[in-house]
Every structure is written in C-alpha cells, then in structure tokens.
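Values below: all heavy atoms of this structure, side chains included; hydrogens, waters and symmetry mates excluded.
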Amino acid sequence: MTKKSTSIIFFLMLLISGKVLMAQQNAIEKPPFLKYENSPWVDSIMKSLSPDERIAQLIMVAAYSNRGDDHKQEILKLIKEQNIGGLIFFQGDPETQVRLMNEYQNTSKVPLLGAIDAEWGLGMRLDSTISYPFQMALGAIKDNALIYEMGTEVARQIKRTGLHVNFAPVVDVNNNPKNPVINFRSFGEDKYNVAEKSVAYMKGMQDNSVMTTAKHFPGHGDTDTDSHFALPQINHSIERLDTLELFPFRKVIEAGIGGIMVAHLNIPALDSTGIPSTLSKPIITDLLKNKMGFEGLIVTDAMNMKAITNTHSPGIVDKDAILAGNDLLEFTENVPKAISEIKKAIKQGLISQEEIDRRVRKVLAVKQWVGLDKYKPITSKNIVTEVNTPEARLLNRMLTAASLTVLKNDTNLLPFRQLDLVKFASVSIGAENETPFQKSLKLYTEVEDFQLPLKATPEQVLELKKKLNDFDYIITGIHDTSKFPRNRLELSTSVQEFISELTEKENTVFAFFKNPYVLNDIENIEKTSGLIVAYQDSKNTQELTAQLIFGGIGANGKLPVSIGGKFQSGDGLDIEGGLRFSYTIPEAAGMDSRILIGGIDSLMQQAMQIKAIPGGQVLVAKDQKVVFYKAYGLQSYSDTIKVKKDDLYDLASVTKISSAMAALMKLYDEGRFDLNGTLADYLPKFKHSNKADITFRDILTHQARFRPWIPFYQDMYRKNGGFKWWTVKKDSSARYPIKITENMFLHRNYSDKIVKEIRKTPLLEKKAYVYSDFFFILSPRVVESMVEEDFEDYLQSNFYQPLGATTITYNPLNKFMLKEIVPTENDYYFRHIPIHGTVHDEAAIMLGGVSGHAGLFANANDLAKLMQMYLNMGEYGGKRYIEEETLRKFTKTQFPDSDNKRGLGFDKRRPDKNGIVNNTAPDASDLSFGHTGFTGTMVWMDPEADLLYIFLSNRVTPTRENHRLYHLNTRTQIQQILYDSLKAADEKQQP
C-alpha cells in the first residue's frame, strides 16, 4: 500500500468516526517564536547558509559534560564541519556544561540551540542541581499555580546553565499501570488533570523564554513496552485516541506550546503500515499539523532508540523522519549520513528545498525567540549556588508538601494529638539505618526506631513483632531503594505478611515512599487506619511526611491514578496542619537565608574561635516554622566530641521560666495562685518572717528587696576547710540521699536549712530591681502546696510530656547517657570535679538537682516547644496549657513608669539610662519577653514578629570566669540577625 493511499484511508476513517479532528473548536494561540520566522536576523542567517548547512540546522546531537576531551572533540568536529543546529545535553555537571557550551557556541557559525530533558528539573541530568518531584507526584497537587511556579523556576535554571529548550512536559495520560517508560513521569490517568498541569508547566517555562516540547505524541501512556528497547504497539480506535490520548496535546496546542515531540509507536488506527509514529506522515503531517492545527516545532524522540534503530539504519531513518513532517531531529547518530540522505530526498522530489527552508526558519525563529540573536557567553562562576537558591529549594518543599496524599485516616488518627501516656515506634521497611523519616518523627516526641530489610526472613520479622508489642502506635515507612519509583514490589513473603498483619491494627500508620501503583500488590493495605502516599523516596518526602503525621503541615493531595479496585483517581483526604512546628527554610517564613544563616554562622564561628564558647545550639522559629536549627562546635575545648542537635544543655536560669513560671501561670488560671498573695500564704514558715507581707507581684519582678543570692555551700565548711560532720557523707544512705558527687552525699534535711536561711536573710533597704534567685529556690514548695504531686512530676505531666518535649528534664543522667549531655564547669569552688551530667548551680545540686531557679536540661528543639506555647499565648499542638489573658499579663512590663522593666518572672527589654538596650536585640519589640542563663543560654519570644529564638551554650566551660561571650554580646547580636533577615526579605519583595 502506498503512503498516499494510506493517507486517504486515514482521512475517511476520521470522517466515519464522526470526530472532528480536522478542526479545533477553541482558538489556538500560536507558538510565540513564529513571529520571528521572517525577521531580518533569520533572513540574514538563511542567506549565509549553504543547502547542506540548512539541513544541518535541523539536526541536534547528544552532548555530555562528563565524558572528557575525546567527546568534546567529536562535538567540536560536528560543529565545525557540519554546522549542526543544536545540542541536547545529558549527564554531567552545570559548571562543565556551561564551559563546554560557551566553547561550542564560540566555534559555531550559527548560535547553537541548547536543549535538555529536564522533566523534573536539571537534576534529571546534572549533578549538584535540583530534582523537583516526578510528574506523578505533581499530578496530586490541587493548586496548579505551584506547577506554573515550578515552570518559571526550571526555566531560570535552564537559562542559567546556557540552554534554551526543555524537552518537557510529558503530557501522556498514563492509563496503564504496567507502563515501564512513562508511568511516574506522567501527571496521571485523568486527561483533564494531565492537560491542566501540562499547560501550567509549559506556560511557566515559555513565559520565561524557554522553549517547551510536549511529549510523547500521540500518546505513550497505554503501553507495556519501553520504546528505548522495542517498538510499542497501541491498538486503540481513532475514537478512543481522539477523546483520551490526544486530549492533553490538543490543550497545550491551544495554549500556544512551542514544540511537540513525536514518540516511537506503532498505532495501526492512525497508520496501518506499522512504521513508527516518528516516521509516519499520516500521524505527523496529516494529524498533528493539518487536523490539529499545530504550527510549532515538531521534534523527534531520540533517534538512537531501539524502537526505530532495530529496523531502520542511521541517516535513512533521519531522512524518513524529515519526510514525515518533523522539523528537528534529536540525537542523530550519523550526521553526515543524515544530511546526505536528506539531500537525496530533495533531488528525488520527495521534499522540496522550500519546505526544508521553512523548517530551518522555524528553528532559527526559535533561536531568536530565546535570545540567541544577541548571544553572550554564560559565566560558570557561582553557578551551583545560583541554581540551588533558597527560593528554588523552598519551591521544591512546597511542591512535595502539596503532593502528599492521605488515603486513609480512620477515626481522625492523623495528625497524632496525644503525645503523653503513649509510646510510638517507627519501622522503616527497606532501610538499613535510621532514615530521615525516622529522624524527623523524633523532632516531635520520643519515637523508637526499627529497620526491616525488604527481604527480611521470618525470624527477623518475628523478632520485630515481639518488640512492637510494647508500643501504642506504629508508624511504618515503606521505602524504595531504587533511583526511580518503579512499579515493582520487592518484598519477601514474610515482610508482605507482616505488612498485611499491621493493616489490621487500629494503631498503625503507613507512609508509602514508592510508586502508588505498587499499593495494589500489598494485601489489605486498603484496610489500614492511616495511609499516606508520598510517591517517591527522597529526603524531602520523608521529612515532610513525618511533619504531616504530627501536624506540622497539612495535606490535600489527590491520587492522580487508580490503584486497582482499592483506590480511585481523585481520592485523598484533607488534613489540617499548623498543629505543631513545621521544619523548613527561612524563605518559608519571609526571612532571608543568606542573611540568617551566614550571619549566625559567622557570629558562632567568631565566638568559638576566641573561645567564648566551645560550641552550642541555635534555633529560630518564625510563625511556628523552625527555619534554623543547628549545632556548632565541640562539647568542650579539651575533647573532639561534636555537639549534636539532640544533645542536652544545662539551661541555668532559663529554668525559671521553663519550670516555676509554667506551673504558676497554670495555677493562676485555676484560681489557686494569687499574684497579690505572699509567701506566707503558701509557706506557713514565712508567716512571721520579714518576707511575710511581700506580694508575688513584687517578688516575680525582682523588686522584693531580696538579696541576689547566697553561697549556701559555704555554710557546710568548718573554719579548717573541712565539711561540718553532719552535712556530708561519702556514701549514700536514708539520711544522706542527695548525691552531690560520687563520694559526696548531702543530708536529707539540708534543703530545710536552705529555706531557713532564705527566711532569715535581711532585706535590702531600698525597693528596687535586684535580680534574685530566692523565690525560685522556694517555688517548688510553693507549687507543691497547691498540687498533689511533686514539682517535677507536675511539670512533666502538665507540660513537658504533652508537648512532646521529652528531653526537658531534671537530673538528666536518670534518662540519658553522659555523652548526650554537654559538660559545664570544672568546679574548683565546691565539688572540685568537672561538672558533667549534673546541674552546674551549687544550690540546685544541693536541692537534689530540682529547683525552680536552675536544674533543667534540654536540647533547643524541645525547649522551643515550651517557648512556642508561650509565644502562641498558651496553646500548642491543639491543646491549651495556659489562658491567653494570663500569658499576656505575665509577659508584659509590670511597672512601666519605673526603672524596673521586668515582667512577672519573664525578662523584658531593659534600656539603660541612655536608652541603649543590651539585653536583647535592638530591634526586638517592647512586647518581646524571655530569659537568659548563667551557663550561656538565652530564649526570647517576640509576639509582634511571631519570632522565637533559642541560644544554648556552655560558656562556663572550663570556668565561669570566662566572660568573653558577654563581651562579644554574641547572643543578642545573633538575635539581631533575625530581624535583619526579615528586613532583607521584605526589601526583596518591594517593587
């Protein structure tokens, strides 16, 4: 059968089908580059080209930036001798690619068109660049504006690497779960969703001067053959193809897409000859050009793929592709042969020179549209930094978060609300070590982690099941060890049975980091109480899924494909976020990463360099988003143990607002604590003391005329330097239970002596602000007079445990290993040993390590949960701990007209007589409040900016006489960086 008769039969079949493929009901927006087809620049280039060079403009060869000099010389030879039209770059790195492209451009007679397959961004091909979510994950996103934004950003990155064309988006409708080549590269099975997202992605790129190429025409979604290795056959009718496969292509054409890539497919309904669609005139010329009205650039799929090379030789296949109607040949393997064969076709009258010239003008018009008429070399300097901008990384996280799809949430299991009185376990199936998913879960509460191999034996599974019996909730991550989320299940029978058993439990949540189609192969997965689909296994998906589980972020993704009979396309439950911290980057909260990260790093390095501190932790949260959380340096100068983010620090006086004030505010809410009351009202022993009539309002603002402190330990000594016989023994006993050191145990009643000493201490003459520990030493007794449990248990049950602040604790060695606790001072005053694992403050250790003035340990993350509750005016994690009115009362300046600017227990901005504020950042608002600690700690909250700042260090290592941290003012200088970062980000947004 001749090609002419084939075209006639095809046209008649279209008429019989009743489908109007030949006309578009909607107006078509012309590809933007077409306006340059007859421009003066294009005219001038055309005049300069010989017939062979014109043909060469239709050829694009493959280039790599990781193949060395021999490959480069091959490309340079093709450019010099053949004057090829362009290059498509594959694997490599951005710096080398830019340098090579500059050299290639400098060699070329006509500027080269540079292309890349960047379906999910440059990371698809180049090292050190960003990979955005695969298109199937993007198909789950409701807000197509995010897809447009991704197109905008991908365009910026492509141009920065010296290229001009993206062979994307994939607009195939993936309606075959067994598809080996499209699958996760498709936006899904819903043609409307595919079309809308394809248009959004395309518009984002083309609105920013990057040429886009929709692929793989006329639709590669319903095949189970990979065209890289064989020729797939699609046996659907014209009616089916028209209503489904062609629909997204029609929509991107209407939207003005610049290019379309033709696939290597055998589609009998469109061309009964059996030739690949890339070589089919009925498909390319009759259907795509004439019937669908596409006037843009038509590009072949790679001409080295076995779908066509198995039956067609190089050069001849390129000629056949041109005759079929293609404008640009991608990955031509033999350029001289291709040019020769196309020249023969012109001489034979199979195609006219005029038609070749029209196509060359298209290619040149694209070059002018992308700016190659004014070509300038691209610098490779700072390219990795400029590609991986904070804004680009934020977009990646936003896309990932928006794609997360909750398919099951029985009894509103997600997000977990109760954190106390329950035990959490996490199991990562397919992991050998703790995963980013498991690490992120631990940011919210204590979660014990387990790993299970994909091919675990029955014995391994049984051992794990026994361990899991001790837990109330099991969070199971199913991971993918492959580079791409292939549609494969690689689990042993015992692991599959284990998963099936877990689905029957009401306390299990599954996080699925694999291709969603695989869910169909997991028995009973649809019966589980909680199921989240993350679509792929990446650091972003793992971290954000963990945040979703505990309410840091929400979810509203919708499944883009059907999963057998278990789930349908469009399924997905909305989950509200904002319950607890999310963990993100500064730009997510309107802060400038460069200012924030660079500024904090610099100041911390300065402090460590001059040995103001050996290391520390810094945490910054804005709008309940943790945007900076980092550990620095060493635990002490004399060792090599690096500080980790979960190491515990001695909080010193930050204990005051982290323990006593939390309890007193709650008791105030309950009407049990009266600010106008006195110590005598709660501690009867003070009724006849000089402190009996002093109100708590004066006490908590440090104007109660109390002395600053008493060195209580000094009263234990005789004049000869030894301890008084009854105070301390070398061994513990019922009478000497309070451990000071390994061979020093204090008498059980010594705390009463401390209280007695405070009681009889004379008052200062003048009522004025004098910072004192006295009340906070007494505060546990005050609290215990109103509650039925001891001070520490009250704090744990009412605050720390419900908050998930599992490291806030007294006497940390009871729960943590020594290596997890940062040391403080070498104590030459009292204990005569290095202090490590016990409280630094002498009075606190004499009180058994538990006091309201000192004694708490924590890491920055857990301390932040308590402080964020304060910043939220009493609420966190969906639970109210303290009434808003109470927090506002306690955190405001009580005596604004006096020199005392303190709140009730909380510190405030305190200007000196010249109006200079040294205890906070200059830009901290008057509403801000917080506290500092002797060991080198600081916490500060600013409701006006919704800003939280935590600084933990051990500046007293090895001695308290080290005051360099104060002289540098590092803590408040870092705090000012937060405000500078906000200003810088705001200035960026100004027009």
Side-chain angles (χ1 to χ4, degrees), residues 3-4 7 22 24 28-60 82-86 109-113 115 164-165 211-214 217 253 256-262 277-300 303 317-330 332 335 338-370 372-373:
K3 290 186 178 180
K4 182 176 180 181
S7 298
M22 65 177 64
Q24 302 297 318
I28 295 177
E29 182 179 333
K30 287 183 178 293
F33 70 85
L34 290 176
K35 62 185 177 182
Y36 295 113
E37 275 187 299
N38 297 296
S39 71
W41 184 80
V42 171
D43 287 343
S44 68
I45 298 296
M46 288 295 291
K47 290 176 183 177
S48 72
L49 298 175
S50 68
D52 284 14
E53 288 175 330
R54 293 185 184 189
I55 294 171
Q57 284 297 300
L58 307 180
I59 294 175
M60 180 173 279
Q82 307 297 332
N83 197 20
I84 55 175
K109 176 179 177 180
V110 179
L112 294 161
L113 196 62
H164 323 97
V165 179
M211 172 82 167
T212 62
T213 306
F217 185 83
I253 290 171
I257 195 163
I260 287 181
M261 178 182 286
V262 182
S277 47
T278 332
L279 311 180
S280 170
K281 188 172 182 181
I283 291 175
I284 298 172
T285 299
D286 297 343
L287 175 57
L288 180 56
K289 288 185 176 180
N290 298 337
K291 310 302 186 297
M292 298 180 71
F294 181 61
E295 299 179 49
L297 198 70
I298 301 175
V299 185
T300 68
M303 299 301 285
V317 73
D318 301 283
K319 176 259 297 181
D320 290 342
I322 291 294
L323 294 180
N326 292 287
D327 301 309
L328 189 62
L329 304 170
E330 180 208 346
T332 294
V335 173
I339 294 173
S340 174
E341 291 296 331
I342 295 169
K343 282 175 65 179
K344 287 181 186 177
I346 296 171
K347 287 181 181 180
Q348 294 168 357
L350 299 176
I351 188 170
S352 67
Q353 184 65 50
E354 290 77 16
E355 178 59 28
I356 292 292
D357 289 350
R358 274 194 292 271
R359 299 187 195 180
V360 176
R361 282 184 174 274
K362 273 190 189 181
V363 173
L364 294 175
V366 171
K367 292 185 178 185
Q368 184 171 0
W369 182 74
V370 299
L372 283 170
D373 58 325

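For the residue pair Q82 and A56, the shortest heavy atom distance occurs at O-CB, 2.9 Å. Between I59 and A338, the shortest heavy-atom distance links the atoms CD1-CB, 4.1 Å. Minimum heavy-atom separation, P32 to G256: CD-O, 3.6 Å. Shortest non-hydrogen contact noted between P31 and G296 is CG-CA, 3.6 Å. The nearest pair of heavy atoms linking Q57 to I84 is NE2-O, 3.7 Å. Nearest heavy atoms, F33 versus M211: CE2-CE, 3.8 Å.
Rounding to the nearest 0.5 Å places OG of S50 at 7.5 Å from CG of N83. Here the CG-CG distance, from N38 to L364, works out to 11.0 Å after rounding to the nearest 0.5 Å. Here CD of E341 is found 8.5 Å from CG of D320. Values are rounded to the nearest 0.5 Å. Interatomic distance, I342 CD1 to I55 CD1, rounded to the nearest 0.5 Å: 5.5 Å.
Taking the charged nitrogens against the carboxylate oxygens, R54 and D357 do have a contact shorter than 4.0 Å, which makes a salt bridge. Using a cut-off of 4.0 Å between Lys/Arg side-chain N and Asp/Glu carboxylate O, K367 and D373 are scored as not salt-bridged.
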Would you check, one step at a time, whether the test side chain to side chain donor-acceptor pair (under 3.5 Å) holds for D318 with T332?
-> CA-CA 7 Å; D318 301 283; T332 294; 3.2 Å; yes
Between F294 and I257, does a side-chain contact (heavy atoms from CB on, under 4.5 Å) hold up when you go through it step by step?
-> CA-CA 9 Å; F294 181 61; I257 195 163; 4.0 Å; yes
Trace of the salt bridge (charged side-chain N to carboxylate O under 4.0 Å, His left out) decision for D286 with K281 = CA-CA 6 Å; D286 297 343; K281 188 172 182 181; over 6 Å; no
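E330 places none of its side-chain heavy atoms less than 4.5 Å from the side chain of M303. Between L329 and M60 the shortest side-chain heavy-atom distance does not fall below 4.5 Å. Contact check for L288 versus I283: no side-chain heavy atoms found under the 4.5 Å cut-off. The shortest side-chain heavy-atom distance between L297 and T213 does not fall under the 4.5 Å cut-off.
With N290 contributing its side chain and T285 its backbone, the two residues share a donor-acceptor pair below 3.5 Å. Remark: side-chain polar atoms of S277 are not paired, donor with acceptor, to backbone N or O of S280 under 3.5 angstrom. A donor-acceptor pair under 3.5 Å links the side-chain atoms of D327 to the main chain of I298, judged by distance alone. At least one donor-acceptor pair under 3.5 Å links the side chain of K289 to the backbone N or O of G325. Between the side chain of T278 and the backbone N or O of T300 there is no donor-acceptor pair closer than 3.5 Å.
Applying the salt bridge (Lys or Arg N to Asp or Glu O under 4.0 Å) test to every pair with at least one member in residues 34-50, sequence neighbours left out, gives these pairs: D43-R361.
Under the rule for a side-chain contact (heavy atoms from CB on, under 4.5 Å), the partners of I351 that lie at least two apart in sequence or sit in another chain are I322, L323, A345, I346, E355, I356, R359.
Just one of L287, V299, I284 meets the side chain to side chain contact (heavy atoms under 4.5 Å, CB included) condition when paired with F217; it is L287.
More than 12 non-hydrogen atoms from other residues, nucleotides or ligands lie less than 6.0 angstrom from NZ of K109.
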